[in-house]
Protein chains: 2
Amino acid sequence: MKYGPGWEPRAVDWSSTRGRILLSASVLFAQRGYFGTSTRDIAEAVAIRQPSLFHHFQAKHEIFRALVELDLGPSIDRMNQRLAEESNWAEKLHLAIAWDVHEFLVQPFDARGLYQDAVLGLAEFEAEREAIALFHRQVESVVDGGHRAGEFVSFEPSFVQRAINGVLFETLREQGGPSGRVRRERPLQAADFVVRSLLVDQVRLADVREATRGRLGDLESSTLA
Amino acid sequence: MKYGPGWEPRAVDWSSTRGRILLSASVLFAQRGYFGTSTRDIAEAVAIRQPSLFHHFQAKHEIFRALVELDLGPSIDRMNQRLAEESNWAEKLHLAIAWDVHEFLVQPFDARGLYQDAVLGLAEFEAEREAIALFHRQVESVVDGGHRAGEFVSFEPSFVQRAINGVLFETLREQGGPSGRVRRERPLQAADFVVRSLLVDQVRLADVREATRGRLGDLESSTLA
DNA sequence: GTCTATACCCAGATAGAC
DNA sequence: GTCTATCTGGGTATAGAC
């Protein structure tokens with residue numbers, strides 16, 4: 001099964017024609033939407049002729065599918081790591097949110113056009129809908145775990161999962177895309193906003209934030225090394 | 001200026017052809033998106049021929065525009081009332097969120113397809129983009145007011161406005177449309193989630209919620225009368 | 001792997017009869 | 001106010017040469 005434990009999309013050479021198609025398409029999907037972007041638009045952005053696209057992807061929807069995999073796969077994988085590692089629930093949730101926002105800010109493509117109900121509702125995207133549902137269940141299980149452990153107040157988990165989704169999406173939507181001005185505080189702010197609302201004892205937020213800051217800091221230094 | 005103080009869209013007779021076009025279009029826009037919905041689809045849903053649509057609306061985008069007005073106009077108007085009336089900032093924000101969610105749940109059309117960047121980015125929707133920006137400024141001013149008054153913690157107001165937007169959208173997106181099963185708790189839950197995150201003194205949340213519950217309760221009884 | 005040429009379909013909108 | 005007929009443009013995708 002796709003998007004199973006340990007699964008990762010294969011690496012992309014962003015300078016290859018295939019990689020440049022994915023990059024350009026992601027930007028256009030984010031600006032004008034999937035339906036608002038024609039294969040001619042994508043081809044023009046890559047400076048090839050429109051039929052040449054079909055040498056690299058069997059159909060327009062395969063481009064979209066590849067982008068969803070690249071964005072969602074690692075996110076699901078990270079959440080599996082959060083669920084498996086030893087930490088309290090507030091730390092798991094805080095780090096998961098902050099890391100997702102962080103990853104979005106540093107990845108080369110623009111994921112803002114990928115999660116539209118009207119697009120994902122198409123028959124050919126059933127696998128992607130299921131993957132999204134899986135991610136939602138992961139989030140819900142963290143919220144539920146935190147509640148059972150007495151760390152979180154008793155909001156309805158399915159509602160909280162929605163709210164987290166909303167905060168995540170809007171935080172991402174704000175960005176001008178990967179080329180835009182990066183707001184380095186956003187990962188922690190988004191995580192703070194959600195976790196502060198959930199925590200029974202809000203004094204804990206400062207410690208939880210420091211734990212996340214440490215983990216994300218390690219990440220940045222290892223990437224630079 | 002459109003969407004100014006006291007402005008309201010004119011009432012719609014939902015049984016007229018024009019009203020039925022708006023209703024059907026809203027449902028289709030929500031399911032398949034603006035670009036994924038053809039004028040033929042809308043006409044079929046209303047059981048008229050496609051060219052007949054153009055007797056009621058000059059163009060496809062005028063249908064969309066009318067729906068945005070119907071959804072956004074009253075929302076902006078309510079926020080002006082919140083800003084003008086005497087109450088503390090937490091009550092203003094809590095009531096505004098709860099009322100918006102409530103209104104969405106009871107209005108006859110489906111507003112979920114209306115706030116898509118790819119659609120609103122079209123040249124013909126400049127007025128709608130400005131109205132949305134106005135609404136965002138209203139929300140931000142409440143957040144900022146609450147912070148200056150010492151009611152809210154010091155999150156960056158522009159970020160909080162985004163987060164609120166996200167929670168609102170996702171709460172609405174969850175619903176199966178006006179025909180779907182209504183979740184009566186959602187208005188208070190959405191408002192609670194946001195205000196709990198912002199409040200310096202979270203003990204106040206219970207009182208704030210009761211104030212909102214009273215105001216929304218009055219609303220329902222007056223509608224039924 | 002990229003090209004030209006083109007098939008085929010469906011979109012939004014208009015003309016003009018009834 | 002609704003209809004039939006039709007215009008015009010643009011969409012995805014394929015065939016086959018280079």
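In this text, all values refer to a predicted model and were calculated from it rather than measured experimentally. Reminder, nothing fancy here: chain letters follow the sequence lines and each chain counts from 1.
The distance between atom NE2 of A:H61 and atom C1' of D:dA13, rounded to the nearest whole Å, is 12 Å. Note: CZ (A:F54) to P (D:dA13) measures 4 Å, nearest angstrom. Computed from coordinates, the A:F57 CZ to D:dT12 P distance equals 15 Å when rounded to whole Å.
Within 6.0 Å of CD in A:E62 there are more than 12 heavy atoms belonging to other residues, nucleotides or ligands. Applying the 6.0 Å contact sphere to CD of B:Q81 captures more than 12 heavy atoms from other residues, nucleotides or ligands. By the 6.0 Å contact criterion, CD on B:Q58 is open, its count of non-hydrogen atoms from other residues, nucleotides or ligands being 12 or less.
Using modelled atom types, no side-chain atom of B:S24 and backbone atom of B:I21 make a donor-acceptor pair closer than 3.5 Å. Distance alone, capped at 3.5 Å, is enough to place a donor-acceptor pair between the B:S141 side chain and the B:Q138 backbone. Looking at A:R215, its side chain never comes within 3.5 Å of a backbone N or O of A:L95 through a donor-acceptor pair.
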For nucleotides 4-7 of chain D, list the nitrogen or oxygen atoms of the protein found under 3.5 Å from its nitrogen or oxygen atoms, one pair per line.
residue	atom	partner	partner atom	Å
D:dT4	OP2	B:R49	NE	3.3

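The two residues B:T37 and B:L28 make their nearest non-hydrogen contact at OG1-O, 3.2 Å.
Relative to the six-membered ring of B:F54, B:K60 misses at least one condition, a distance below 6.0 Å or an angle of at most 45° to the axis.
Contact annotation: A:S38 side-chain N/O to D:dG10 OP1/OP2 distance is not under 4.0 Å.
Using a 4.0 Å heavy-atom criterion, one finds that B:T37 contacts the sugar-phosphate atoms exclusively.
Here the range on DNA chain C touched by chain B, meaning any atom under 4.0 Å from one of its heavy atoms, is C:dA11 to C:dT14.
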